[in-house]
Amino acid sequence: MSETPPNTLQYPFDGPEDAPVLILGPSLGTTWHMWDRQVPELTKQWRVFRFDLPGHGGAPARPAGSVGELADRLLATLDALGVQRFGYAGCALGGAIGLELALRRPERLASLALVAASPRFGTADEFRQRGVVVRSNGLDPIARSAPDRWFTGGFAAAQPAITEWAVQMVRTTDPGCYIAACEALAGFDVRPELGRVGAPTLVLVGSDDRVTGPAEARTLVAGIPDARLAVVPGASHLVPVEQPAAVTDLLVRHFSTAWQQPFDTGQTALPAAPVNPALAAAPQFAPRAEIAPAVVPQAQPFGEPDRYGTGLKVRREVLGDAHVDQVLAQADDFSGDFQELVTRYAWGEVWDRPGLDRRTRSCVTLTALVAGGHLEELAAHTRAALRNGLTPDEIKEVLLQAAVYCGVPAANSAFRVAQQVIREETTPTE
């Protein structure tokens, strides 16, 4: 196992030192041990590199708030080891890292496998809400519900030791790093860019995955030019653990037969694994997907800041997609100009200024809303304060401070509103 300098990742290496490198990326809440059952077979042809996400599996608790930052740390780790070119298989968040690598550093990626992955994982609101739950209650509620998300009911009942291992794996993760990883997934959306993924890609999904299931897998296959789909029967989200033999066979077949030649970058690339004739003759998995048109963003005039676009992004990050969608849907010819003004000025200029962080801006906003008696807005901004990192105890302190300077009656009404919002937002959902 490795020493872990800053801005790199904790890892083990397995397999022959002169073999081509194959990287296995973990899912949120797991450790590199989720790939234990694949390693013995894969190391017959590859030097297998696994890694832990920050704060997972005892790795140093250095939070990374974006998938791009996680990809950068992985590349920094590989650079320190002298690994230039590699194959990559990643599960869920690990798959997002693989997509980031394919889009940003295609010259280094020989072949790609996306397991239980998606070009966008649910909605930003869902992951930021999960962060609120963890910040308020710790990781125990998430840990207890992990088996239901990760495994089929039959597997969880038949394998109590693995089920308990899954619970403990999440429970021992650093909460701050888990929340940061949720933020990373909230901000991840590469749907318009899938056509630029050039590596040969296997998209692998469990038939019973209710987190990122076959529909998300088909979206990936539809968008990636050189992609094939494999659906593993009787498996849920953590398919490498639940159906290890099937996943291993699919990975061996894919990486043995779809290892792209190096880009002409002047670097020395590791040789591809020799093709096993028996595997090469095996039937291929044909892509099954419905093609959807890509969304092409409109370009902004050079030199002109897009205050509205910036404001809409910040407004969604702070207040949530559901709230913003509802407000904008209610706008008409009479109120539309006002919503444009609020988005451009309040969110695109003031909230986006670097002088205060979002936690501090939430404290100021809550106090101002109490003073003005704006209880409807207070409810929305109490939710925003939780998403911006304030705990319920910190919100309570803000309202107590407001009671002194804004008046007890105003604070009394504010406490009722905030109490209801906090109860709704911090109660774990099963």
One thing to verify: whether [Y] and [X] come together as a salt bridge, which I'm taking to mean a side-chain N less than 4.0 angstrom from a carboxylate O.
X      : Y      : result
Glu126 : Arg130 : no
Arg104 : Asp72  : yes
Asp79  : Arg108 : yes
Arg171 : Asp140 : yes
Asp189 : Arg191 : yes
Glu317 : Arg358 : yes
Arg353 : Glu349 : no

Item to check | Closest non-hydrogen atom pair, Glu216 against Ala117 | outcome: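 Heavy-atom minimum between the residues: CB-O, 3.9 Å.
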Is the side chain of [X] donor-acceptor paired with the backbone N or O of [Y] at a distance under 3.5 Å, no angle test?
X      : Y      : result
Tyr88  : Leu99  : no
Gln129 : Glu425 : yes
Thr77  : Leu9   : yes

Checklist entry - With sequence neighbours excluded, what pairs up with Asp325 under the side chain to side chain donor-acceptor pair (under 3.5 Å) test? => result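 Only Arg316 meet the side chain to side chain donor-acceptor pair (under 3.5 Å) criterion with Asp325.
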Item to check | Test log, rule salt bridge (Lys or Arg N to Asp or Glu O under 4.0 Å), inputs Asp125 and Arg383 | outcome: CA-CA 11 Å; Asp125 286 356; Arg383 291 187 177 87; over 6 Å; no
Next on the checklist: Below 30° counts as parallel, above 60° as perpendicular, anything between as tilted: where do the rings of Trp347 and Trp351 land?
Outcome noted: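 Answer is parallel, since the angle falls under 30°.
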Checklist entry - Passes side chain to side chain contact (heavy atoms under 4.5 Å, CB included), Glu242 versus Gln159? Steps please. => result CA-CA 10 Å; Glu242 191 163 5; Gln159 300 287 345; over 6 Å; no
Checklist entry - Does Arg120 count as lying over the ring of Phe188, i.e. NZ or CZ under 6.0 Å from the six-ring centre, within 45 degrees of the axis? => result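 No cation-pi geometry.
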